[in-house]
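Step one of this worksheet: look at the structure below.
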2 protein chains.
Amino acid sequence: MAATIYDVAALAGVSIKSVSRVLNREPNVSAALQAKVQAAVVSLDYQPNLSARSLAGASSYLIAAFVDADLTLEHWRSGRGNDYLSRLQFGALEECRKAGYHLLVELVDYGAPSLEARLVALLRSLRPDGVLLTPPNADDPTVLDVLERTGTPFVRLGAERDLGRGMRVFMDDRQAAADMTAHLIGLGHRRIGFVSGPDAYPASRARREGYDQALQAHGLVAEPDLVVEGDFTFASGRRAGEALLTTDPRPSAIFASNDDMALGVLNAAASLGVSAPGGVSVCGFDDTPSAMFSTPPLTTVRQPVAEMAAAATRMLLEAARDPDRTVEKIDYILVERASTQPPG
Amino acid sequence: MAATIYDVAALAGVSIKSVSRVLNREPNVSAALQAKVQAAVVSLDYQPNLSARSLAGASSYLIAAFVDADLTLEHWRSGRGNDYLSRLQFGALEECRKAGYHLLVELVDYGAPSLEARLVALLRSLRPDGVLLTPPNADDPTVLDVLERTGTPFVRLGAERDLGRGMRVFMDDRQAAADMTAHLIGLGHRRIGFVSGPDAYPASRARREGYDQALQAHGLVAEPDLVVEGDFTFASGRRAGEALLTTDPRPSAIFASNDDMALGVLNAAASLGVSAPGGVSVCGFDDTPSAMFSTPPLTTVRQPVAEMAAAATRMLLEAARDPDRTVEKIDYILVERASTQPPG
DNA sequence: GTGAAAGCGCTAACAC
DNA sequence: GTGTTAGCGCTTTCAC
């Protein structure tokens, strides 16, 4: 059977408390004792039992990520994949691993009336040391309430708004969209179409604002019929692309609020016999894998999801040590590829 | 503070053992007692503590998925995403959730000399009730040894070979590749290029065999210069596409062993001025999101990763009840899209 | 059918 | 500095 703390203590000839001290790097341990314990740990191949630790102590060595169940399952069923989640996971996983923590992804039914009860159940049974809240539900009041009530530290990912609750890590979606729009203007484009995302996503609204702001800053007017609302799917991008490309005069560039919709625009352009970027420049937002491998490859904004998740996880793990670090802003990168060029 | 089993017992006027019996659906409980306990559970909003349960009992209510760390981090860094992992997760997560289990994704350094020690540490500290092994490491002998030694049930995902160790869920990659090849032959193609994956992946070898087999079955010869090896990346697909499209006579169709490489072939064709599917039909394997949204959308084999993961998770959870169910074969689907057509 | 008591393997308080 | 003791909240064994 696996060794326990008693086995280690016996072999080292010390008390279990001393073993515990060494294991948890508590102060006031002599070098000699520490050496003895460490030797015993190695020779017994001892590994502390997580359940016992979390039952006795204050921490569970578990970080949970709350992910929207409906949205995620819908992504899965439609075969769209979930690039956001996998990138989030990599970032969080790396940090957890370094710190000896484990990451748990939990699907949460945000719409359900039983939401509160289920969250309470989850937090009580798991007692995670921290929770990562993902968009578009990073500011759901029910969730924030439960988290605060149970005293669980949490980070709101991608939350630009400061609610004064929990920690947050975000990027400046508005500025990124403004930069991208300015980039198109810099290339010489004057009629620039915009495919917005659903209003429910705060990030979506921010991107729209950035577009408007950049146009104004360059003395251009945001014409209402150059803005079409999509729902972040390829199909909606395709529809929006068809609408925009059949307006007269045709926009010379189209900026879609995410890559899936940008690919839809590209597809619509191909159907209508408009070449890209020759006939129309197209750019997206997110830098998903599909953006890299499309024809032409997509100019887009790289949203550093993994970095955001890594930063958020670090904040969670270090919250006790550094309680003042409650917000972090992560830089985006404008990735210029072949789908944009000066207007023909 | 959260209610414990003692609170429930006190309120219901029974012993904690009775509460435990009701919670775990053990036999020999009177209806009256059960009703009392359930009422108390509801009124106290009681939720058993996972750590306490797993410390005292035999199960941890945790399922772990072992994922190749290097491969995964490389995917992440290159921005390629990891569609396999996210689909796996959805399938497994759903099943876990239904059964009150939790899913833990663990990055494993398969190449490392410390592999065994780290796995032992992981298994001892977490004590998962089951492990999901993902390709290409689903038959690593070190891992299988440790798993068997610690008595952890495991499922090898995508493992066609029966090692007589653990359970497995797989699809018939060979037959799927043969079907796809036969489909191209059925369209009228006779010179069919093939982009293989790395030999290290068992699935990759199986797909190659399926291609060969279908050609032979239709009286065609597999010409060596029509087969190029890639490494499952877009870039390698692009190179392979260039090589294949500049052979003389040019193949009228190219079958790539995965979608990323098929997109690379599509990109190479565009660069060389060969239209698709007019000039060359292209098809892939996996049905990743990018395959749906490419121009033209890709004909491909849908690998039902989520279904495989769901089946594997069910096998793990029901292993005690149904010890004979050790292998399950999942059906693939040939998805015909616009990237293939009869030769011009 | 039901319950009392003894752990599971740790951490936390407190003594020494 | 180091050890003793008492839990953490459950499941398990074994009486009744």
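All chains are named by letter (A, B, ...) in the order of the sequence lines, taking the proteins before the strands, and each is independently numbered beginning at 1. Hydrogens, waters and symmetry mates play no part in the numbers below; they use all other heavy atoms, side chains included.
Contacts between residues 32-43 of chain A and DNA chain C, counted as heavy-atom distances below 4.0 Å, involve no residue at all. Against DNA chain C, the stretch residues 95-104 of chain A makes no heavy-atom approach under 4.0 Å.
Here B/Y46 pairs with nothing under the ring pair (Phe, Tyr, Trp, His ring centres under 6.0 Å) rule; sequence neighbours left out. By the salt bridge (charged side-chain N to carboxylate O under 4.0 Å, His left out) test, A/E106 is found to be paired with no residue, residues two or more places apart in sequence or in another chain being considered. By the ring pair (Phe, Tyr, Trp, His ring centres under 6.0 Å) test, B/Y110 is found to be paired with no residue, residues two or more places apart in sequence or in another chain being considered. Scored by the side chain to side chain contact (heavy atoms under 4.5 Å, CB included) test, A/V327 finds A/R168, A/F170 as partners (sequence neighbours excluded).
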- Checking side-chain hydrogen bond (donor to acceptor under 3.5 Å, both in side chains) for the pair A/S54/B/S51: CA distance, chi angles, key distance, verdict? CA-CA 6 Å; A/S54 40; B/S51 305; 2.9 Å; yes
I'd like a list of close polar pairs between nucleotides 12-16 of chain C and the protein, N/O only, cut-off under 3.5 Å.
unit_1 : atom_1 : unit_2 : atom_2 : d
C/dA12 : N7     : A/K17  : NZ     : 3.0

Table please: side-chain donor-acceptor pairs of residues 303-318 of chain B below 3.5 Å, with sequence neighbours left out.
unit_1 : atom_1 : unit_2 : atom_2 : d
B/T313 : OG1    : B/A309 : O      : 2.7
B/R314 : NH1    : B/E95  : OE2    : 3.0
B/E318 : OE1    : B/R325 : NH1    : 3.2

Could you pull out all donor-acceptor pairs under 3.5 Å where a side-chain atom in residues 7-21 of chain A meets a protein atom, sequence neighbours excluded?
unit_1 : atom_1 : unit_2 : atom_2 : d
A/D7   : OD2    : A/T4   : N      : 2.8
A/S15  : OG     : A/K17  : N      : 3.4
A/S15  : OG     : A/S18  : N      : 3.3
A/S15  : OG     : A/S18  : OG     : 3.4
A/S20  : OG     : A/N24  : ND2    : 3.3

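Dashed line: the shortest gap from a side-chain N or O of B/N28 to OP1 or OP2 of C/dG1 is under 4.0 Å. Residue B/S51 places no side-chain N or O under 4.0 Å from the OP1 or OP2 atom of D/dC10. Within the structure, every side-chain polar atom (N or O) of A/T4 is placed at least 4.0 Å from both OP1 and OP2 of C/dG9.
Listed for the A/D109 side chain is no donor-acceptor partner under 3.5 Å among the backbone atoms of A/G111. Judged purely by atom type and a 3.5 angstrom limit, A/D129 has no side-chain atom pairing as donor or acceptor with the backbone of A/I63. A donor-acceptor distance shorter than 3.5 angstrom exists from the side chain of A/S30 to the backbone of A/L33, with no hydrogens or angles considered. Formation of a donor-acceptor pair under 3.5 Å by the A/N82 side chain with backbone atoms of A/T72 is not found in this model. Remark: the backbone N or O of A/Q47 is not paired with any side-chain donor or acceptor of B/S125 at under 3.5 angstrom.
Rounded to an integer number of Å, the gap from CG of A/L55 to P of C/dC10 is 12 Å. One interatomic measurement links the two molecules: CZ of B/R25 to P of D/dT11, which rounds to 13 Å at whole-angstrom precision. Separating the CZ atom of A/R124 from the C1' atom of D/dC10 is a distance of 16 Å, rounded to the nearest angstrom. In this structure, the CG atom of B/N49 is 17 Å from the P atom of C/dG9, given to the nearest Å. Remark: P of C/dC10 and CZ of A/R127 are 19 Å apart, rounded to the nearest angstrom. Atom-to-atom, CG of A/L50 to C1' of C/dC10 comes out at 11 Å; the value is rounded to the nearest Å. Between the CG atom of A/L126 and the P atom of D/dC8 there is a distance of 21 Å, given to the nearest Å.
Among residues at least two apart or in separate chains, there is no salt bridge (charged side-chain N to carboxylate O under 4.0 Å, His left out) pair with a member in residues 34-60 of chain B. Every pair passing side-chain hydrogen bond (donor to acceptor under 3.5 Å, both in side chains) that includes a residue from residues 147-158 of chain B is listed here, sequence neighbours excluded: B/E116-B/R149, B/E148-B/R165, B/T150-B/T152.
Recorded end-axis angle for the helix from C/dG1-D/dC16 to C/dC16-D/dG1 stands at 30°, based on five pairs per end and rounded to 10 degrees.
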